[in-house]
> 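The following block contains the structure, expressed as structure tokens.
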There are 2 protein chains.
Amino acid sequence: MAINVALIGFGTVGSSVYQLIQSRQEKLRVLLGQEIKVTDIVIKNLNKTRRVAHDVRLTNSFEKVLATERIDVVIEAIVGVEPACTYIEQALKQGIPVITANKALFAHKGSVLKHLAEKHQTGIGYEATVAGGIPIIRTLLELMSINHISKVEGIFNGTANYILTDMRVNNRQFAESLKLAQSLGYAELDPDNDIKGIDAFYKLMILCETIFKQSPEWNDVSVTGIDQITPLDIEVEALRDKRYKLIAEAQYNSDGSLHAEVGPKLIDNEHPLYGVEGVENAVTIHSDLLGALTLKGPGAGGEATASAIFSDLLALFTQNSKSKASDAFKPVTSASNV
Amino acid sequence: MAINVALIGFGTVGSSVYQLIQSRQEKLRVLLGQEIKVTDIVIKNLNKTRRVAHDVRLTNSFEKVLATERIDVVIEAIVGVEPACTYIEQALKQGIPVITANKALFAHKGSVLKHLAEKHQTGIGYEATVAGGIPIIRTLLELMSINHISKVEGIFNGTANYILTDMRVNNRQFAESLKLAQSLGYAELDPDNDIKGIDAFYKLMILCETIFKQSPEWNDVSVTGIDQITPLDIEVEALRDKRYKLIAEAQYNSDGSLHAEVGPKLIDNEHPLYGVEGVENAVTIHSDLLGALTLKGPGAGGEATASAIFSDLLALFTQNSKSKASDAFKPVTSASNV
């Protein structure tokens, strides 16, 4: 019997996941102990041509998939809170585990969906929601088991970091660098989420829930974009070996309060995120035993993000094959960090 | 019933492990589902005073510990191949899992000990042998499950990296920087292992066995130290934005051959290891889906290394609590990378 996958979305991430399941069939069969098969792909526009095997059903009705097929796992790779949230709730309520790459959704609804998964004795994996392929969630859960994490800070938006790097290196105006980022496919046509810090804010909120089991009041979090920085600002600071980076950070204080902030920050060459350039993402975790651990890598891209999704998939179907799916996504989370 | 620990060695790492087991008793009990207790500490010199609880047995005979006590896990934190290897073999042959922080031992005997552990249906954890607290082994095993890793490169010796950084920043001669490193407790009185690249070589060999399931012929690996680099070399290159770093790297070629090398390398500011300064360690993993992932953090120190040991401990006693201990250290290793 195969593991049947329903894939929601067929954009950059969704199509990479599909193609890798096809091309690494044999490797996955060995790892999972059984075949894995994308049986259904849920898309919005059925008229667009998609290159998929002829036995894959293309549909615009996720409800119909759940009503008529045996689905073992749902991989959700679309954008925005709805309809993703409704789809995921439907799956979890049937006890079907879900893997999501959708940061806006998980920032808004992660806590609710984790509880729903627990209630229905299944799991929800979200490694791909933060920093693309960088295994940040798994590393945090692992570290947290014995370390106390006091602070996390990161560069979570590759587009903004690309623009800041390009402005400094090539002495360009913000608008020029943005245009370049758009022409290279990094920035969306409506780039507000990237340059105003909203995307980085979503990822920070997901990390807050993961580490501190709480989010700050969203309205209390100062979120500033990079669109007011001038080439002159950047040039003057570069002469002093300082760089502007769009930093998202959250700190747990000894009085039990949680402070979170997103905005351009001037950092010097001693800062662990100083060398993070171009479209890269990085995160520094500050913990009591280990000290500062930094992870740096590609924060976007179909294959890198698919790598994170596969990591969730394997956790789900191999690590605790004899126990409930609900355990798979919390290998070491029984400890509270706070 | 408690988990009984026999600790071998009471130096920087051993004493940190002991103290953390004492001070985090409650947290560990929650995580492990039972109490954990250091029952025996094996030391060379029984005449030296040690600050341990009165019910901990101090002994110089590991054989006697194994013969008279019920031991559930051995944590080995001494230096050099022997007597560590003999001790570990004795434990594994009785089916007792072992966690080691001993890189010289594991470089020489890792492959043999892994097989011995498997044969006796138990496990051997070695996260702490490479790059101190940085979770490199676990991250590699996780990535390898679906990624093909083609190359690994790292800065694995904090002392050498400290000296190179100090020579550049403070314009000092090699001998002066070395003396400073020794006065700060970074370098041993006999610093050859650090500055001649031997320590970095050991760690590279451990990574080769982990990733590629093979080591190159040790005699074929070029290992060069940093002691021939002059302040003038460093200064001239710094003007061109280049830095000398002691890089250990291994690359798997498409013809099936494995090339490994340790030596000072001139890297530019685009290189992922350019910003690794002072006593820090870092490693960059090159894989086909994810691309380049870099981990950076403290490569030594009692608490950081203890953090890695606890990570092995939790993997052993929690992740697969219902399955054999032998599975605990290979969550996703069924896939071969090559």
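Lettering follows sequence order; numbering is per chain, from 1. Worth knowing before you read on, the calculation uses all heavy atoms, side chains too, and leaves out hydrogens, waters and symmetry mates.
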> So how far is it from A:I134 CD1 to B:L295 CG, rounded to the nearest 0.5 Å?
9.5 Å

> Tell me if the NZ atom of A:K103 is crowded by more than 12 foreign heavy atoms within 6.0 Å.
no

> Among B:A282, B:S16, B:A304, B:G302, which residue forms the greatest number of heavy-atom pairs with chain A at distances under 4.5 Å?
B:A304

> To the nearest 0.5 Å, how far apart are CD in A:E277 and CD in B:E270?
7.5 Å

> Do A:T139 and B:E142 have side-chain heavy atoms sitting under 4.5 Å apart?
no

> Report the residues that fulfil ring-ring contact (aromatic ring centres under 6.0 Å, His included) with A:F10, sequence neighbours left out, ordered by chain and then residue number.
A:Y18

> With a 4.5 Å limit on heavy-atom distance, are the side chains of B:I146 and A:L313 in contact?
no

> Give me each pair satisfying side-chain hydrogen bond (donor to acceptor under 3.5 Å, both in side chains) with a member in residues 293-306 of chain B, each pair once, sequence neighbours excluded.
B:T284-B:T294

> Give the minimum heavy-atom separation between A:N147 and B:K27, together with the two atoms involved.
O-NZ, 3.9 Å

> Report the option among A:G278, A:G297, A:A308, A:P272 that has the most heavy-atom pairs separated by less than 4.5 Å from atoms of chain B.
A:P272

> Sort B:Y274 into side chain, backbone, both or neither according to what part of it lies under 4.5 angstrom from a heavy atom of chain A.
neither

> Between B:N269, B:I285, B:D288, which has the largest tally of heavy atom pairs under 4.5 Å with chain A?
B:D288

> Should we count NZ of B:K245 as having more than 12 external heavy atoms under 6.0 Å?
yes

> Would you say that B:P135 contacts A:L293 through its side chain, given a criterion of any heavy-atom pair below 4.5 Å between the two side chains?
yes

> Can you tell which part of B:L28 gets under 4.5 Å to a heavy atom of chain A, answering side chain, backbone, both or neither?
side chain

> Looking at every non-hydrogen atom in both residues, tell me the closest pair between B:S307 and A:L290 and how far apart they are.
OG-CB, 4.2 Å

> List the atom of B:P298, the atom of A:A292, and the distance in Å for their closest heavy-atom pair.
CD-O, 3.4 Å

